[in-house]
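Each remark here refers to the structure printed beneath this line.
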Amino acid sequence: MYLYTISHKNPIDLHGTLFSGQSFMWDNAFSCGGLYAAVVRGVALVVSVQLTGELEVHASSKEIGGMNVPDFIRYYFTDDVESKGLFPEKFSVEFPRVWKLVLPYFHLKVLRQEFFETMLTFMCAQGIGMHLIRKQVSMLARTYGESVSVRIGERELVLYGSPSPERLASLDPLELSRCTNNNRIRAANIILSARAIAEGRVDIEALKDREIPIEDLRNMLSCAGGIGYKIADCIALFGIGRFDAFPVDTHVRQYMAEWFGSEAALRALTPATYLLIDGDARTILRPEMAGYAGHLLFHCWRREIKKLQSF
DNA sequence: CTCCAGGTGGCGA
DNA sequence: TCGCCACATGGA
């Protein structure tokens, strides 16, 4: 293991709500007591925040995806995204009550996670509670992911990476459904998507082209079975780093109605309604950062209003 | 028991 | 396009 002490510009707190996206849904990457551990691109990472505010990082390799560890960590935790610029200037004046509520959530970071890992975890996140989603993701990793054993001082940790498309491609839906809440339709859809990637029928690098308008990207991603607008936007936001993607789920719909008076958000979440709410959000938030800011609002809503404990 | 959870897709009117 | 319903499980 290699040890690094990494300075960063923006506040990063590994406690509680801090982690965004499926980072803390991803049970293999846990963040308890200020500690974060995960396998990223085959490299084991154990990260903790020091009293000085710096990050202490144990890594099983000096390099991750062609980057040195400190650079990768700052990239992965989106240290380049300034929390000050997430909301429009006038937001605090137009919505003072929401502004006051969301202020404590500015330390929350949306992570730049892997494409297939993001697709897999969010395909498991349909109409069920966070608890069950984590259970599926955890079981998928322990059953089909590659394990990496690491030693941090006296602590022995066994971490599991996200399953590769190749590993899942050859599975039978009935077998995989043991890890997908017994939902065979979901398992079959995951296998189909895994095959498409493993066989090179989906060009992931092409999807990462920043020139693609977000509505085009959403349409391209939602072509696959089991992926609608919401999951497509989640993949774009968390798996491609498209912070302009604004996933609308049951919680977002609720706060768009309650906090911002969106008429569309009062109606059932059909595809047409989805696009209307998306449009409303872009008039309230900075379009290019709508998803990132929306994610702070998402956790704020769940914790402060809905009083939910789970992340 | 009922309702809701980080939805999607098939169906009929 | 819109309203139901199945898919599956678990917690409040």
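Throughout, protein chains are lettered first and strands after them, A, B, ... in sequence-line order, and every chain is numbered starting at 1.
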Show me, pair by pair, the donor-acceptor contacts under 3.5 angstrom made by side chains of residues 236-249 of chain A, not counting sequence neighbours?
residue  : atom : partner  : partner atom : Å
A:Arg242 : NE   : A:Asp244 : OD1          : 3.1
A:Arg242 : NH1  : A:Ile212 : O            : 2.9
A:Arg242 : NH2  : A:Ile212 : O            : 2.9
A:Arg242 : NH2  : A:Asp244 : OD2          : 3.0
A:Asp249 : OD1  : A:His251 : N            : 2.7
A:Asp249 : OD1  : A:Val252 : N            : 2.8

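- A heavy-atom distance below 4.0 Å to DNA chain C is reached by these residues of residues 178-192 of chain A, ordered by number: A:Asn181, A:Asn182, A:Asn183, A:Arg184, A:Ile185.
- The separation between A:Gln126 atom CD and B:dC4 atom C1' is 16 Å, rounded to whole Å.
- Between the side chains of A:Thr78 and A:Tyr292, at least one donor-acceptor pair of N or O atoms lies under 3.5 Å.
- When each of A:Ser222 and A:Leu132 is assigned the nucleotide of DNA chain B bearing its nearest heavy atom, the one mapping closer to the 5' terminus is A:Leu132.
- Side-chain contact annotation: A:Glu54 with A:Thr52, donor-acceptor N/O pair under 3.5 Å present.
- Between the CD1 atom of A:Ile128 and the P atom of B:dG6 there is a distance of 9 Å, given to the nearest Å.
- Annotation: side-chain contact (heavy atoms from CB on, under 4.5 Å) contacts of A:Asn219 (sequence neighbours excluded): A:Tyr229.
- Remark: A:Gly226, A:Ile227, A:Gly228, A:Tyr229, A:Lys230, A:Ile231, A:Cys234 in residues 226-237 of chain A come within less than 4.0 Å of DNA chain B through at least one heavy atom.
- With P as the reference atom, C:dC7 and B:dG6 are 22 Å apart, rounded to whole Å.
- Contact check for A:Val57 versus A:Val69: side-chain heavy atoms found under the 4.5 Å cut-off.
- Here A:Glu215 pairs with A:Pro213, A:Arg218 under the side-chain contact (heavy atoms from CB on, under 4.5 Å) rule; sequence neighbours left out.
- Legend: salt bridge (Lys or Arg N to Asp or Glu O under 4.0 Å) pairs involving residues 60-74 of chain A, not counting sequence neighbours, sorted by first then second residue: A:Asp71-A:Arg74.
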Tell me which donor-acceptor pairs under 3.5 Å the side chains of residues 171-179 of chain A have, and how far apart each pair is, sequence neighbours excluded?
residue  : atom : partner  : partner atom : Å
A:Asp172 : OD2  : A:Leu174 : N            : 2.9
A:Ser177 : OG   : A:Pro173 : O            : 3.4
A:Ser177 : OG   : A:Leu174 : O            : 2.7

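- The side-chain contact (heavy atoms from CB on, under 4.5 Å) test applied to A:Phe95 returns A:Phe91, A:Val98, A:Phe260, A:Ile284, not counting sequence neighbours.
- Applying the side-chain hydrogen bond (donor to acceptor under 3.5 Å, both in side chains) test to residues at least two apart or on different chains, the pairs with a partner in residues 182-199 of chain A are A:Gln136-A:Arg186, A:Glu199-A:Arg201.
- Other residues, nucleotides and ligands contribute over 12 non-hydrogen atoms within 6.0 Å of the CD atom of A:Glu156.
- Interatomic distance, A:Arg253 CZ to A:Thr250 OG1, rounded to the nearest 0.5 Å: 5.5 Å.
- Whole-Å rounding puts the A:Ile133 CD1 to B:dT8 P distance at 12 Å.
- Mapping A:His131 and A:Gly127 onto DNA chain C by nearest heavy atom places A:Gly127 at the nucleotide closer to the 5' end.
- Between the CE atom of A:Met123 and the C1' atom of C:dC7 there is a distance of 14 Å, rounded to whole Å.
- Across the P atoms, C:dC4 and B:dC3 are found 14 Å apart, a figure rounded to whole Å.
- When the nearest nucleotides of DNA chain B are assigned to A:Phe298 and A:Ala224 by heavy-atom distance, the more 5′-ward of the two goes with A:Phe298.
- One interatomic measurement links the two molecules: OH of A:Tyr255 to C1' of B:dG6, which rounds to 12 Å at whole-angstrom precision.
- Of the residues in residues 258-286 of chain A, A:Arg267, A:Thr270, A:Ala272 come within less than 4.0 Å of DNA chain C through at least one heavy atom, sorted by number.
- Judged as a salt bridge (charged side-chain N to carboxylate O under 4.0 Å, His left out), and not counting sequence neighbours, the contacts of A:Arg112 are A:Asp80.
- Between B:dC4 and A:Lys306, no contact under 4.0 Å exists linking OP1 or OP2 to a side-chain N or O.
- If you check every strand for non-hydrogen atoms under 4.0 Å, A:Gln254 touches sugar and phosphate atoms only.
- A:Arg167 and A:Glu146 are not joined by a salt bridge, as no carboxylate oxygen comes within less than 4.0 angstrom of a charged side-chain nitrogen.
- The side chain of A:Lys307 contributes no N or O atom lying less than 4.0 Å from OP1 or OP2 of C:dA12.
- Applying a 4.0 Å cut-off to non-hydrogen atoms, the residues of residues 243-251 of chain A that approach DNA chain B are A:Asp249, A:Thr250, A:His251, listed by residue number.
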